[in-house]
J.: 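Handing you this structure, nothing more for now.
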Amino acid sequence: MERIILFLYRTRKTLVLPLLAIAVLFGLWWLFREGEVQKREWHYIPDFGIRVPTAYPIHGIDVSHHNKKINWQKVRRIQANGIGLQFVFVKATEGVTLVDRQFKTNWREAGKAGLKRGAYHFYHPRRDAEKQAKNFIKTVDLDAGDFAPVLDFEIDWNVNSEKLIADLQLWLNLVENHYGVKPIIYTNRHFYRRYIAGNFDDYPLWLADYTKEHLDDYQTERLYFWQHNKGGSVSGIRGQVDFNVFLFDSTRVQEVCL
């Protein structure tokens with residue numbers, strides 16, 4: 001016993017540092033593991049009919065005339081498994097002349113219900129980019145606190161890449177000059193990798209990706225919104241509804257608002 005005690009006493013200095021290093025590494029592993037578990041925390045919400053990434057605190061939807069007349073007060077009152085809807089993106093315009101026939105009503109009533117609002121333009125690659133920007137500008141009045149305008153880019157119609165990127169930039173410039181804030185770009189993972197990454201890295205991004213449990217492989221600090229499902233249901237809205245989350249807490253919402 002005395003020999004064991006003497007051995008431990010003599011080797012205490014050589015043991016302390018390795019043991020301390022092991023403890024630190026274990027602590028870092030545990031924190032990383034807890035973070036990963038939180039990122040992947042999904043729950044099936046019966047009232048929505050889909051699985052939802054519940055680790056994110058701010059949830060919302062996007063709508064258009066396809067959802068018919070919406071009961072916005074009912075939408076705002078929803079509390080499903082502790083999750084409410086806090087924001088909505090509303091389709092405003094499409095192409096050069098089209099105005100969504102439900103935009104004015106949806107915009108007004110969503111605001112009355114207390115939902116944070118954003119408006120989006122569905123972009124047509126073969127239409128004049130300047131005229132498309134003017135269509136959105138003359139249709140949408142934004143107030144302080146509203147989300148920045150959104151460019152919905154999800155078709156390319158085989159337009160030449162250089163021309164397409166230049167036209168997208170023109171739309172973005174014209175809209176930014178009018179509203180005084182960088183527009184948000186909405187797109188899917190394929191178009192993000194093909195057109196957006198490397199060309200529009202300084203714009204806020206709203207990404208549609210229904211294949212992922214988390215978005216760690218998108219190496220961009222400008223990713224703010226994730227459309228994680230297009231087949232949800234909401235009391236007060238007919239048909240299927242797109243579900244989204246804001247990827248940060250409420251302290252960063254203003255970064256993508258007027």
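Counting begins at 1 with the first residue of the sequence.
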J.: Please name the pair of heavy atoms, one in V181 and one in P149, separated by the smallest distance, quoted to 0.1 Å.
T.: CG1-CD, 3.8 Å
J.: For W171 versus A129, what's the shortest heavy-atom pair and its separation?
T.: CD1-O, 3.6 Å
J.: Nearest 0.5 Å please: distance from the CZ atom of F200 over to the CG atom of L151.
T.: 8.5 Å
J.: Roughly how far, to the nearest 0.5 Å, is the CG atom of L223 from the CG atom of L247?
T.: 5.0 Å
J.: Can you tell which of Y120, F103, W107, F225 makes a ring-ring contact (aromatic ring centres under 6.0 Å, His included) with F89?
T.: F225
J.: Does this structure show an ion pair linking D62 with K91, if we count only N-O contacts that are shorter than 4.0 Å?
T.: no
J.: According to ring pair (Phe, Tyr, Trp, His ring centres under 6.0 Å), who are the partners of Y186, at least two apart in sequence or on a separate chain?
T.: W206
J.: Surrounding NZ of K134 (heavy atoms of other residues, nucleotides or ligands, distance under 6.0 Å), is the total greater than 12?
T.: no
J.: Of all heavy-atom pairs between C257 and K116, which one has the smallest distance, and what is that distance?
T.: SG-CE, 3.3 Å
J.: If two hydrophobic side chains count as joined below 4.5 Å and joins carry through other members, does F136 share a cluster with L98?
T.: no
J.: In terms of heavy-atom contacts, does NZ of K212 have more than 12 from other residues, nucleotides or ligands at under 6.0 Å?
T.: yes
J.: Any heavy-atom pair between the side chains of N106 and I70 that's under 4.5 Å?
T.: yes
J.: Taking all atoms of both residues into account, what is the closest heavy-atom pair of T211 and D209, and its distance?
T.: OG1-OD1, 2.7 Å
J.: Under 3.5 Å, side chain of H59 to main-chain N/O of Y56, donor-acceptor pair present?
T.: yes
J.: Kindly compute the distance separating CG (D141) from OH (Y179), expressed to the nearest 0.5 Å.
T.: 6.5 Å
J.: Do R222 and D202 meet the salt-bridge criterion of a basic N to acidic O distance under 4.0 Å?
T.: no
J.: Step by step, work out the side chain to side chain contact (heavy atoms under 4.5 Å, CB included) result for N135 and V99.
T.: CA-CA 8 Å; N135 184 25; V99 175; 3.9 Å; yes
J.: In terms of heavy-atom contacts, does CD of Q79 have more than 12 from other residues, nucleotides or ligands at under 6.0 Å?
T.: yes
J.: Hey, are H214 and D216 close enough side-chain-wise for a donor-acceptor pair under 3.5 Å?
T.: yes
J.: Show, in sequence, the C-alpha distance, side-chain angles and deciding distance for R51 and E213, and conclude whether the side chain to side chain contact (heavy atoms under 4.5 Å, CB included) test is met.
T.: CA-CA 10 Å; R51 293 170 66 243; E213 288 288 311; 3.4 Å; yes
J.: Please say yes or no: joined through hydrophobic side-chain contacts below 4.5 Å, possibly via intermediate residues, are V96 and V159 part of one cluster?
T.: no
J.: Identify the two heavy atoms, one from P183 and one from E176, that lie closest to each other, and give their separation to 0.1 Å.
T.: CD-CB, 3.9 Å
J.: Return the CG to CD1 distance between L115 and I61, rounded to the nearest 0.5 Å.
T.: 7.0 Å
J.: Would you check if there is a donor-acceptor pair between the side chains of Q227 and Y210 at a distance under 3.5 Å?
T.: yes
J.: Take L215 and Y218 through the side chain to side chain contact (heavy atoms under 4.5 Å, CB included) test and state the conclusion after the steps.
T.: CA-CA 6 Å; L215 297 181; Y218 291 95; 3.8 Å; yes
J.: Is the H228 ring parallel, tilted or perpendicular to the F243 ring (thresholds 30°, 60°)?
T.: tilted
J.: Could you give the distance from CD1 (I45) to CG (N81), rounded to the nearest 0.5 Å?
T.: 4.0 Å
J.: Can you measure from OH (Y195) to CD1 (I165) and round to the nearest 0.5 angstrom?
T.: 7.5 Å
J.: Salt-bridged, E109 to R76, with N to O below 4.0 Å?
T.: no
J.: Please find out if less than 6.0 Å separates the ring center of F246 from that of F87.
T.: no
J.: Assess the side chains of D128 and Q132: does a donor N or O sit below 3.5 Å from an acceptor N or O?
T.: no
J.: Test your reading of the model: is there a side-chain donor-acceptor pair from N67 to the backbone of Q240, 3.5 Å cut-off?
T.: yes
J.: Once you measure the plane-to-plane angle for H124 and W157, does it fall in the parallel (<30°), tilted (30-60°) or perpendicular (>60°) bin?
T.: tilted
J.: Which residue pairs pass the salt bridge (Lys or Arg N to Asp or Glu O under 4.0 Å) test with at least one member in residues 238-254, sequence neighbours excluded?
T.: R252-E255
J.: Mark yes or no for whether N177, through its side chain, and L174, through its backbone, hold a donor-acceptor pair below 3.5 Å.
T.: no
J.: Of the non-hydrogen atoms in Q86 and P57, which two are nearest, and what is the gap between them?
T.: OE1-O, 3.5 Å
J.: For T93 and D100: C-alpha separation, side-chain torsions, deciding distance, then whether side chain to side chain contact (heavy atoms under 4.5 Å, CB included) applies.
T.: CA-CA 6 Å; T93 52; D100 189 280; over 6 Å; no
J.: Hey, any chance I137 and L170 share a hydrophobic cluster, counting ILVMFWY side chains that come within less than 4.5 Å of each other, even indirectly?
T.: no
J.: Are F153 and F122 near enough that their ring centres are under 6.0 Å apart?
T.: no
